[in-house]
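All values derive from a computational prediction rather than experimental measurement.
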Amino acid sequence: MAPPGKRHRAQSTKIQVIKGRFTKFQAKYLTIDFAKRLVFDPSLLWVSAIILLVGELFVNVLVIQRIPYTEIDWIAYMQEVEGVVNGTWDYSKLKGDTGPLVYPAGFVYLFTILYYLTNYGKNIRLAQYFFCGIYLITLALVFRIYSKSRKIPPYMLIFICCTSYRVHSIYVLRLFNDPVAIMFLFCSINLFMEGYWTLGSVFYSFAVSIKMNILLFAPALLLAYIASQGIYGTLKQLTICAGLQLVLGAPFLLANPLAYLVGSFNLGRVFLFEWTVNWRFLPEEIFIHPGFHITLLLLHVVLLGFFAKPWFRYMKSFAKLQPTGVGMVSQLFLLPLFTANLIGVAFSRSLHYQFYVWYFHTLPYLLWSTPYSIWLRLCILGFIEMCWNTFPSTYASSAILHVCHILIIGGIFWRRHPTKDLNVDIKKDK
């Protein structure tokens with residue numbers, strides 16, 4: 001047994017060590033400068049991400065418990081997959097209260113699982129909690145992208161989480177299939193960023209099999225394949241994407257191939273004017289006219305052509321720099337992907353309210369890729385949110401939404417040579 005003096009000295013030493021460590025911790029973290037870094041430094045975005053994810057869990061539970069669920073498509077989804085459960089594989093015979101089934105096979109399989117997990121679709125509260133999980137997983141995937149790319153400041157995560165009632169509603173109060181497709185999309189993007197191209201292609205193709213809007217990312221992804229994988233590798237990845245579609249769709253293709261292709265990948269589908277968010281200021285006869293649809297498609301293709309050259313340059317730089325392991329390199333990959341999707345959204349024949357999630361999580365990244373001031377970026381984001389929360393849409397809300405899209409696309413095009421600045425930042429990061 002140690003003498004009392006030695007024990008006292010040992011205890012004093014331990015206390016001094018603890019005090020020393022606390023002093024160092026206080027000097028490093030409990031300062032105004034560090035608090036500012038938590039708000040503004042992209043390298044510390046992960047701290048805010050963890051806090052907000054925990055907060056979002058409680059917020060979504062509160063929303064589910066306190067705000068009434070609104071039935072729009074869930075029952076129709078369950079009716080459509082119930083036809084498959086009962087042995088009907090002919091797509092032309094699969095219908096719900098809202099009309100015929102118009103989504104690819106992945107949707108059928110995934111919502112069939114939800115059909116069984118929710119007591120044949122009757123336990124809507126349980127379905128809401130499943131969608132709460134989808135929301136949180138999507139946020140985690142988005143936050144990882146933002147943390148790795150170090151493009152936006154941490155305070156912008158608050159705008160992603162806390163400012164959009166519409167997005168929370170789409171996920172946990174409406175139970176649309178759009179959020180499910182978006183979750184698999186962001187999973188694929190994370191895999192692509194890490195160099196897992198084949199696995200990323202599988203998840204991307206599965207996202208397409210849930211809802212076709214994911215194809216809006218395809219032009220930029222094709223350039224990424226060519227730049228990083230070469231021609232042979234590109235053919236391999238395209239074969240994987242197409243092969244998965246064939247495997248998933250095989251039972252329906254064998255039963256009635258034409259009905260499946262026309263029903264699930266119908267590019268000529270006419271939307272109802274009463275639900276449009278983006279073209280309210282047009283007369284309905286123009287809105288439904290085939291010539292208007294062709295014009296939008298041509299403008300879409302032309303604008304993609306204008307961006308193709310800088311996008312391919314970004315993707316080649318990404319392929320060259322990705323082996324360095326520096327997360328900021330992913331900016332070269334993300335900007336073309338997100339911009340291609342935005343262009344597709346901007347020239348869509350119609351946007352319904354649930355389509356907001358198609359690009360909502362990418363808006364901060366896109367705005368921080370423009371040369372505008374922070375206040376103008378936040379104003380654009382606010383106006384977009386206002387437009388999507390205006391129900392029913394008005395002439396003004398539709399027009400303002402287009403102005404915001406044009407400003408973002410124009411700003412990105414104006415600032416389409418960022419690689420020199422990025423190379424400097426990468427050297428600093430090393």
Side-chain angles (χ1 to χ4, degrees), residues 42 145-152 185-186 188-198 200-201 204 214-238 241 298-347 359 362-372 377 405-430:
I145 289 170
Y146 281 158
S147 179
K148 192 173 180 64
S149 63
R150 298 192 181 185
K151 182 68 175 179
I152 68 168
L185 168 77
F186 281 120
S188 72
I189 291 174
N190 274 276
L191 290 167
F192 289 138
M193 287 168 58
E194 297 299 328
Y196 297 108
W197 291 94
T198 297
S201 294
Y204 177 81
I214 304 299
L215 288 173
L216 295 178
F217 292 86
L221 182 58
L222 176 61
L223 295 178
Y225 282 152
I226 295 171
S228 64
Q229 305 294 298
I231 299 300
Y232 173 77
T234 299
L235 292 174
K236 174 186 172 183
Q237 299 305 323
L238 294 177
C241 292
L298 290 174
L299 290 172
H300 184 182
V301 172
V302 168
L303 197 53
L304 289 175
F306 276 115
F307 276 95
K309 186 175 180 180
W311 285 352
F312 192 55
R313 187 174 66 250
Y314 298 165
M315 293 303 187
K316 287 196 293 185
S317 297
F318 173 71
K320 181 180 178 181
L321 296 170
Q322 189 183 27
T324 63
V326 178
M328 291 178 66
V329 171
S330 58
Q331 293 180 22
L332 296 164
F333 175 71
L334 294 172
L335 183 58
L337 274 183
F338 291 168
T339 308
N341 182 56
L342 173 63
I343 291 171
V345 169
F347 288 101
Y359 73 146
T362 68
L363 286 173
Y365 191 97
L366 291 166
L367 284 164
W368 255 252
S369 300
T370 66
Y372 306 139
R377 294 169 184 171
H405 290 165
I406 291 169
L407 284 172
I408 299 174
I409 294 170
I412 293 170
F413 187 76
W414 181 265
R415 198 179 179 181
R416 63 190 183 279
H417 302 293
T419 49
K420 292 182 180 179
D421 295 336
L422 182 61
N423 286 333
V424 172
D425 291 337
I426 289 171
K427 289 178 182 177
K428 290 179 181 177
D429 195 53
K430 284 183 177 180

For a 4.5 angstrom cut-off between non-hydrogen side-chain atoms, does Lys151 reach Leu334? no
Which residues pass the side chain to side chain contact (heavy atoms under 4.5 Å, CB included) test with Ala346, not counting sequence neighbours? His405, Ile409
Is there a side-chain contact between Phe307 and Ile412, using heavy atoms and a 4.5 Å cut-off? yes
My understanding is that only residues two or more places apart in sequence, or in another chain, count here; which of them pass side chain to side chain contact (heavy atoms under 4.5 Å, CB included) with Leu216? His300, Asn341, Val345, Trp358
Heavy-atom side-chain contact between Pro364 and Tyr146 under 4.5 Å: yes
Apply ring-ring contact (aromatic ring centres under 6.0 Å, His included) to Phe217 and list each qualifying residue two or more places apart in sequence or on a separate chain. none
With rounding to the nearest 0.5 Å, note down the distance linking CG in Leu342 to OH in Tyr365. 14.0 Å
From CG (Leu298) to CG (Leu303), nearest 0.5 Å: 12.5 Å
Could you tell me whether a side-chain N or O of Arg150 sits under 3.5 Å from a main-chain N or O of Pro42, the two making a donor and an acceptor? no
Separation between CD1 (Ile408) and OG (Ser369), nearest 0.5 Å, reads 10.0 Å
Answer yes or no: is there a donor N or O on one side and an acceptor on the other, between the side chain of Tyr372 and the main chain of Leu407, under 3.5 Å? yes
For Pro323 against Ala319, the heavy-atom pair lying closest together: CD-O, 3.5 Å
Look only at the side chain of Ser149 and the backbone of Gln331, and say whether a donor-acceptor pair between them is shorter than 3.5 Å. no
Heavy atoms of Pro371 and Gly411 approach each other most closely as CD-O, 3.3 Å
With sequence neighbours excluded, what pairs up with Lys236 under the side chain to side chain contact (heavy atoms under 4.5 Å, CB included) test? Thr198, Ile240
Out of curiosity, Thr370 OG1 to Arg377 CZ, how far, rounded to the nearest 0.5 Å? 4.5 Å
How far does OG of Ser330 sit from CE of Met193, to the nearest 0.5 angstrom? 3.5 Å
What's the verdict on side-chain contact (heavy atoms from CB on, under 4.5 Å) for Ile189 and Phe338, showing C-alpha distance, side-chain angles and the deciding distance? CA-CA 11 Å; Ile189 291 174; Phe338 291 168; 4.0 Å; yes
Tyr314 and Phe333: aromatic ring centres closer than 6.0 Å? no
Validation row: Trp197, Ser228 side chains within 4.5 angstrom (heavy atoms): yes
Show me the donor-acceptor pairs within less than 3.5 Å that the side chains of residues 218-225 make with the rest of the protein, sequence neighbours left out.
residue: Tyr225; atom: OH; partner: Ser201; partner atom: OG; Å: 2.6

Can a donor-acceptor pair be found, under 3.5 Å and without considering hydrogens, that links the side chain of Tyr204 to the backbone of Phe186? no
Could you report the tightest heavy-atom contact between Ile226 and Phe312, atom names first, then the distance? CG2-CE1, 3.9 Å
Mind checking side chain to side chain contact (heavy atoms under 4.5 Å, CB included) for Leu191 and listing every partner two or more places apart, or none if nothing turns up? Cys187, Tyr196, Leu199, Phe203
Reported CE-to-CG distance for the pair Met315 and Leu335, which is rounded to 0.5 angstrom: 8.5 Å
